[in-house]
Amino acid sequence: MIKSPRGTRDLLPPDTALWNFVEATVRDVFRAYNFHEIRTPIFESTELFARGVGEETDIVSKEMFTWSDGERFNEKRIIDEWLRANQSDDPHQVQAGRVNVQGNPSFLAKLKELGVQLQVWRGIQVQPSLLTGRVEFVAFGPRVSSDAIIGLRKARDIAKGEYSHEFGTHTILPRLVVPDEAAKTSPWVATGDVEIEGFAGNYFSSSESLTLRPENTAGIVRAYIQHDLGKRGLNKFFSIGPMFRRERPQKGRYRQFYQIDAEVIGPTSSGSERPIRDAEVLEMLDTMLRRLGISDFTLKINSVGDAQDRAVYNDALRKALDPVVGRMCSDCQRRAVTNPLRVFDCKVPEDQPIIETLPLIRDYLGPASQEHFENVQALLKKAGVTFELSPKLVRGLDYYTRTAFEFTHGALGAQNAILGGGRYDGLAELLGSPQPAPGIGFAIGEDRLVMALQERMPEATVHVDAYIAPVGEGMNREGLRLAKDLRRKGLVIELGDRSFRLKKMFETATKIGARYILIVGENEVKADAFALKHMASGEQVTVPRAELAKRIAGAEKGS
Ligand code: HAM
């Protein structure tokens, strides 16, 4: 049996109903806060994450699904260069050893279909009307392949058959041109009737490294820069979709997981860097979680300072680490040199007592960062959003500046961070934006959010208004017609099959939780009135077709 890969899951009904409920609710909240959906690719250039999230982070250094897009053969370039090396200087005059490109359009089209790019004449012009030499069909490829050779042979056969009036008296040579290296390493022995030519030069464009997105902030900021969205002023985006990290799977931690992401980004003039934006985002999250029915969460916030503060703090960290780092894990020893802040991501238990003693960023905040952070806190208090200060919170991604936050939820166990986010004022410039574009955002772990909801409402309710049971010859089409009418009126209908016994249809109706079973038999169709049985009470009535929908829907409210 082929199973889903490690760390991935199939989301099945009825659980998917809960996922849909979550997504519909957050979309509703996003609408009220004027956030708009953005959809970016599932994979991006590896460099985007290396630069954006940071080389030294766990995500980039250990967890990305990365592959090389392979080498691409540049067909146009090899054709152009081959022609430059071989073509006659005078298109009307054939010269010794050189070629003139020719061919009638319909034959050339046939050649193309066979993967043969050129028909050339190679020879010497003895007199204006007398040519000696031969016709060549030339195919270009990345390597010697049977397809290319078969195509060339077919081209020659067509020329000698269908087009014998043109080619009958000429010698035809099929030629396959491949890059020199490919010709040398070809396993093909000379085929005799097809000339294999190795042509010097590099005709492969360099391969591109691609990565399944481990997060979506970098992709959204890339899109912001690529489409010059700064000209719109302040952008408020949201996106919902899968992310990929090669982590060790456990409860609440998957290799394919889903994030509900939101980003507020714009030029400085749009107010994107003002504390009101931080407070708005955090208040929206508070509202969103409560709307979903989650209230036992804790919001933890910290300021990780701006670029200047971080430079000073990194120095202080390096100094503090210097005498102790020798006793720490090899990752920390490397981080101490390259990116000391990442020491806080260390999970090695023996290193924790040392990490406890390290200086805290809050003591290195400059006046601007300090004031920004105080403003955010004051606004949150005014908005009635409860939070805790968490001076050790630095987040596992390099792009954060100033406000950083996480929401944790008690019921989730070890993986208790239900969402995380913060400000990333320098990210756009780091990714090549000509203008500064401060931003703030978050990503909710949707898998964890759904898990927290399942704690509260384990069974998603399935709701089917009626099960239609066709009984007897020709009744399937009557059932189908009736189902269509009732569904159009907004009812949820399941349809049986006349080959089932009535008993089986009753059992199915019970199993799927249908409120009613509706019998469609010959007599009912004749009378245009149907037996409608209420499953819970067993009460059965005959209802005219025109009143069915009203009857089923009305009872739904009552029951
Ligand atoms: P993050 O903290 O790496 O931040 O991820 C955000 C949330 O995604 C986590 O709090 C967690 O709930 C969920 N999550 C992460 N990894 C996994 C996993 N392997 N399995 C299940 N859930 C997981 C970011 O991704 C940032 N881009 C957030 C952000 C947006 N910052 C600014 N804007």
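Just so you know, ligand 1 is whichever comes first in the structure, and atom 1 is the first atom listed for that ligand. For the numbers below, each heavy atom of this structure counts, side chains included, while hydrogens, waters and symmetry mates do not. Note that the structure is predicted; figures quoted are calculated from it, not measured.
Note that CG of Asp309 is 10.0 Å distant from OG1 of Thr401, once rounded to the nearest 0.5 Å. Rounding to the nearest 0.5 Å gives a distance of 4.5 Å between CG of Asn339 and CG of Asp398.
Relative ring orientation between Trp67 and Phe43 is described as perpendicular, the plane-to-plane angle rising above 60° on a 0-90° scale split at 30° and 60°. Classified by interplanar angle (parallel below 30°, tilted 30° to 60°, perpendicular above 60°), the ring pair Phe344/Tyr313 is parallel.
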Show me the donor-acceptor pairs within less than 3.5 Å that the side chains of residues 260-269 make with the rest of the protein, sequence neighbours left out.
{"unit_1": "Glu263", "atom_1": "OE1", "unit_2": "Tyr424", "atom_2": "OH", "d": "2.6"}
{"unit_1": "Glu263", "atom_1": "OE2", "unit_2": "Thr217", "atom_2": "OG1", "d": "3.0"}

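For the pair Arg72 and Phe204, the cation-pi test (distance below 6.0 Å, angle within 45°) is failed.
Listed as neighbours of ligand 1 are Glu215, Thr217, Arg245, Glu247, Gly252, Arg253, Tyr254, Phe257, Gln259, Asp261, Glu263, Arg395, Leu397, Tyr399, Tyr400, Ala417, Ile418, Leu419, Gly420, Gly421, Gly422, Tyr424, Gly441, Phe442, Ala443, Gly445, Arg448, each bearing a heavy atom under 4.0 Å from the ligand.
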